[in-house]
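Positions are given from 1, in the same order as the sequence printed here. Because the structure is predicted, anything quoted here is derived from the model rather than measured. Quick note: numbers below take in every heavy atom, side chains included, and nothing from hydrogens, waters or symmetry partners.
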Amino acid sequence: MILLKRLVYVIFISIFMTSCGGPNEYEQVHENIIKLDSYCYEMEFCVISNKNENMYKIRVTANAEDGYMVEILEPENIKRIVTRYNKDKTEQENTSIQDKITLVDTEKFDYNILMLSNFKKVYMQQDKIEINKQKDGTYKVEISIPNGNYYFNKQEIIFDGQDKQPIIMNVYNEDGQKTIEGKVCKDNQR
């Protein structure tokens with residue numbers, strides 16, 4: 001009986017030490033948020049309004065040093081419009097007709113809500129952040145959007161329960177209604 005108690009005690013201590021040894025699940029989500037400024041992904045998202053819903057698909061390449069690039073993949077009528085954001089300017093190019101415009105005053109793009117890298121920027125400025133594990137095993141992080149408006153008030157990102165990578169991004173209005181529903185295409189994350 002004493003041997004059995006010691007064995008149970010050793011197993012309990014081993015489990016406790018193993019669980020304390022590495023980063024916990026919440027720390028893994030936090031670490032993945034920190035890495036979002038150097039990231040490449042495709043996202044399908046729906047913009048929801050009172051009258052309709054519009055579907056889009058984009059490819060985003062973010063690099064902490066160079067800024068980020070957004071390429072519209074769908075719908076067909078605006079496909080191949082590429083926007084490059086950096087610290088000094090924003091360039092938008094229609095690659096099908098080789099037309100390019102440059103905007104110098106890019107302050108209004110600082111908190112582009114479709115960019116995971118900007119989610120990280122806002123996340124890092126928050127005084128208090130909660131990472132909540134959901135019943136389905138995913139993790140949710142919610143932030144208030146700086147300089148947001150009625151339609152873009154809060155943003156949440158849902159992280160996969162296994163690899164702790166972002167899989168869903170939603171934006172809510174001041175009344176708590178979803179205005180953007182986005183899905184990060186996991187096959188295209190790098």
Q: Identify the residue among Y123, Y85, Y68 that makes a side chain to side chain donor-acceptor pair (under 3.5 Å) with N118.
A: Y68
Q. Among H30, Q28, E25, which residue meets the side chain to side chain donor-acceptor pair (under 3.5 Å) test with Y139?
A.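 For Y139, the side chain to side chain donor-acceptor pair (under 3.5 Å) check succeeds only for E25.
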Using the rule that two of Ile, Leu, Val, Met, Phe, Trp, Tyr join whenever any of their side-chain heavy atoms come within less than 4.5 Å, decide whether [X] and [Y] are in one cluster.
X: V171; Y: V47; answer: yes
X: Y172; Y: I129; answer: no
X: I143; Y: M124; answer: yes

Q: Taking only Lys NZ, Arg NE, NH1 and NH2, and the carboxylate oxygens of Asp or Glu, determine whether K128 and E130 approach each other closer than 4.0 Å.
A: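 Salt bridge present between K128 and E130.
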Q. Is it true that K79 and E74 have a side-chain N and a carboxylate O under 4.0 angstrom from each other?
A.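 Salt bridge flag = no for E74 with K79.
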Hey, does [Y] have a side-chain heavy atom less than 4.5 Å from the side chain of [X]?
X: I180; Y: F152; answer: yes
X: F159; Y: I167; answer: no
X: I145; Y: N153; answer: no
X: V141; Y: V29; answer: yes

Rounded at 0.5 Å granularity, tell me how far [atom1] in [X] sits from [atom2] in [Y].
X: M69; Y: C40; atom1: CE; atom2: SG; result: 7.5 Å
X: E53; Y: I48; atom1: CD; atom2: CD1; result: 5.0 Å
X: K35; Y: K120; atom1: NZ; atom2: NZ; result: 11.5 Å
X: L73; Y: M43; atom1: CG; atom2: CE; result: 12.0 Å
X: E142; Y: I158; atom1: CD; atom2: CD1; result: 9.0 Å
X: R84; Y: T61; atom1: CZ; atom2: OG1; result: 10.0 Å

Q.
Considering only residues two or more places apart or on different chains, which pairs with a residue in residues 43-62 satisfy ring pair (Phe, Tyr, Trp, His ring centres under 6.0 Å)?
A.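 Matches after skipping sequence neighbours: F45-Y56.
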Q | Where D160 and D163 come nearest, the two heavy atoms and their spacing | A |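 The pair with the smallest heavy-atom distance is OD2-N, 3.0 Å.
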Q | E71: partners by salt bridge (charged side-chain N to carboxylate O under 4.0 Å, His left out), with sequence neighbours left out | A |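 By the salt bridge (charged side-chain N to carboxylate O under 4.0 Å, His left out) rule, E71 matches R59, R80.
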